[in-house]
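A, B, ... follow the sequence lines: proteins, then strands. Residue 1 opens every chain.
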Protein chains: 2
Amino acid sequence: MTRIRVLLADDHDLFRSGVRRLLESAAGLEVVGEARTGQDAVRLVEELAPDIVLLDISMPGASGIDAARLIKTTSPRTGVIMLTVHADEEFLFEAIKAGAMGYLLKDASAEELVRAIQVIYEGEGLLAPTMAAKVMREFARTRETRDLGRILTPLTHREVEILQHVAAGLANKEIAHKLSISERTVKNHLSNIMEKLHVNSRTQAAVYALRSGLVPPEGG
Amino acid sequence: MTRIRVLLADDHDLFRSGVRRLLESAAGLEVVGEARTGQDAVRLVEELAPDIVLLDISMPGASGIDAARLIKTTSPRTGVIMLTVHADEEFLFEAIKAGAMGYLLKDASAEELVRAIQVIYEGEGLLAPTMAAKVMREFARTRETRDLGRILTPLTHREVEILQHVAAGLANKEIAHKLSISERTVKNHLSNIMEKLHVNSRTQAAVYALRSGLVPPEGG
DNA sequence: GCCACAATCGGCCGTTCGGCCTATCGGCGC
DNA sequence: GCGCCGATAGGCCGAACGGCCGATTGTGGC
């Protein structure tokens, strides 16, 4: 039978090792990789295409929430579960808006975690009980929750590639030359990118790419 | 008499407190502020206009080197001294290129630090002895050192303001309207900015602003 | 008073961008 | 096979961008 492929993202080595062992002792699960930063997580999800990624929120560089947002943009098929110490509502709502389908606190039991992975793998959502209560209250309080249903149209691989070059400051013509395609095609891709990201200039798209960690903030 | 006004930037509270007490026990020095991140350092330098800023390299967010680069861009009159544990050549050369006038290791004595501040305040440069040797060797090895002499023309306040709006993704017309000036003036400013930053598009300028911490990476 | 410089604005002009439209080709699912 | 979709490409066109000139005003230093 096929096992659920899981990626772990947390900057604490010890915690990762523990969770890995814990998950691997469960049947039907397989840990296919580990990441220490948000950027690594995004990269590895793209590379390994796991079924589920467990994201810590506090990581050096891009946060787990940033990572979730980008993963939902580039790899929408991977289910995102936040696994964090943060019980704050702000993080919870941000995580949901970023596309997380599960939100568990780190004091969860091994059984709860495994069950969450299975449930999200089946396409359902799952929240820690206290967290669920918060969401319900928020639902009742305001209808801002339409945001939660907003669909983030994912970027294709080619579009991501174009966007990275845009964020490097290249002109359409330079990108075209670099990728050996016509400038017209670059423009078409960029138009699609801007529409998907709801921005209306290459500069805004570049800023989005930088903020979301699509390109390393250090440059290179 | 006027005392030399010093700003401390280091993410270790304990270290800052220690250095502060140490500097204040010396005559002719005054610690006017403390920063925990590169961004804070840049902001406080702009606000307080100290004579000298002591920068750690490893700080959360923008590194001390990023901070140095930006401080030299926005507040060229403030002398920058790196105070760090890093004895690596790369950091040293990067710091010099970023505009640091002094580079001291954290194992320096109190006397050395105070003397460095006075020397740099007088307009001279000062390096830790082992660091100076590296620089000499590098001078001898290659003439890349022309880079060290490269003058980073500082941006004016207005230019910084324009650049921030560019990095927010605004069009020239929008910036003009927001600042109640003509679009032509915005273009002129932006042209000057791009020349100073050695870039040739607004997108590259925006990327520079984001990377250097001129605008917060979180957005807003 | 003079000089340097920041900030403001204008004209002119070529380049780049970005929207709108259509179109071909290849893969993949039903 | 047919349809959907991603990648490729072209034409057309108006708007935005960015370089090159020059010019005025005010402020601050010498």
How close or far is atom P of C/dT8 from atom CD1 of B/Ile175, stated in whole angstroms?
13 Å
For a 4.5 angstrom cut-off between non-hydrogen side-chain atoms, does A/His165 reach A/Leu179?
yes
A/Lys173 side chain, from C-beta outward: closest of D/dA7, C/dT16, D/dG18
C/dT16
Would you say A/Thr78 and A/Leu7 make side-chain contact, with heavy atoms under 4.5 Å?
no
Tell me whether the side-chain N/O atoms of B/Ser191 come closer than 4.0 Å to OP1 or OP2 in D/dG18.
no
Looking only at side-chain atoms of B/Leu190, point me to the closest of D/dT8, D/dA7, D/dG18.
D/dG18
D/dG6 P sits how many Å from A/Ile193 CD1, rounded?
13 Å
Reckon B/Asn172 touches a base, only the sugar-phosphate, or nothing at all at heavy-atom distances under 4.0 Å?
sugar-phosphate
Is B/Ser182 near enough to C/dC9 that one of its side-chain N or O atoms lies under 4.0 angstrom from OP1 or OP2?
yes
Should A/Arg158 and A/Glu161 count as an ion pair when the cut-off is N to O under 4.0 Å?
yes
Expressed as a whole number of angstroms, how long is the span from B/His157:NE2 to D/dG26:P?
22 Å
So if I take every side-chain heavy atom of B/Lys187 and compare against C/dT8, D/dC17, D/dT8, which nucleotide ends up nearest?
D/dC17
Please check if atom CD in B/Glu30 has more than 12 non-hydrogen atoms from other residues, nucleotides or ligands closer than 6.0 Å.
yes
Any idea which of C/dG18, C/dA7, C/dT16 is nearest the B/His189 side chain?
C/dA7
Nearest listed nucleotide, side chain of B/Arg184, among D/dG19, C/dT8, C/dG18:
D/dG19
Nearest-angstrom distance from the residue atom CD of A/Glu161 to C1' of D/dT8:
14 Å
B/Asn192 has an atom CG; how far is it from atom P of C/dT8, in whole Å?
12 Å
Whole angstrom is fine here: how far is it from CD in A/Glu159 over to P in D/dA7?
6 Å
Does A/Arg158 place a side-chain N or O at less than 4.0 Å from the phosphate oxygens OP1/OP2 of D/dT8?
yes
Output yes when A/Glu24 and A/Arg20 qualify as a salt bridge under the 4.0 Å nitrogen-oxygen rule, no when they do not.
yes
Whole-Å distance separating the CD1 atom of A/Ile162 from the P atom of D/dA7
9 Å
Separation of A/His177 atom NE2 from C/dT16 atom P, in whole Å?
14 Å
Whether the side chain of B/Asn188 and the base of C/dA7 hold a donor-acceptor pair under 3.5 Å is what I'd like checked.
no
Phosphate OP1/OP2 of C/dA6: any B/Thr156 side-chain N/O under 4.0 Å:
no
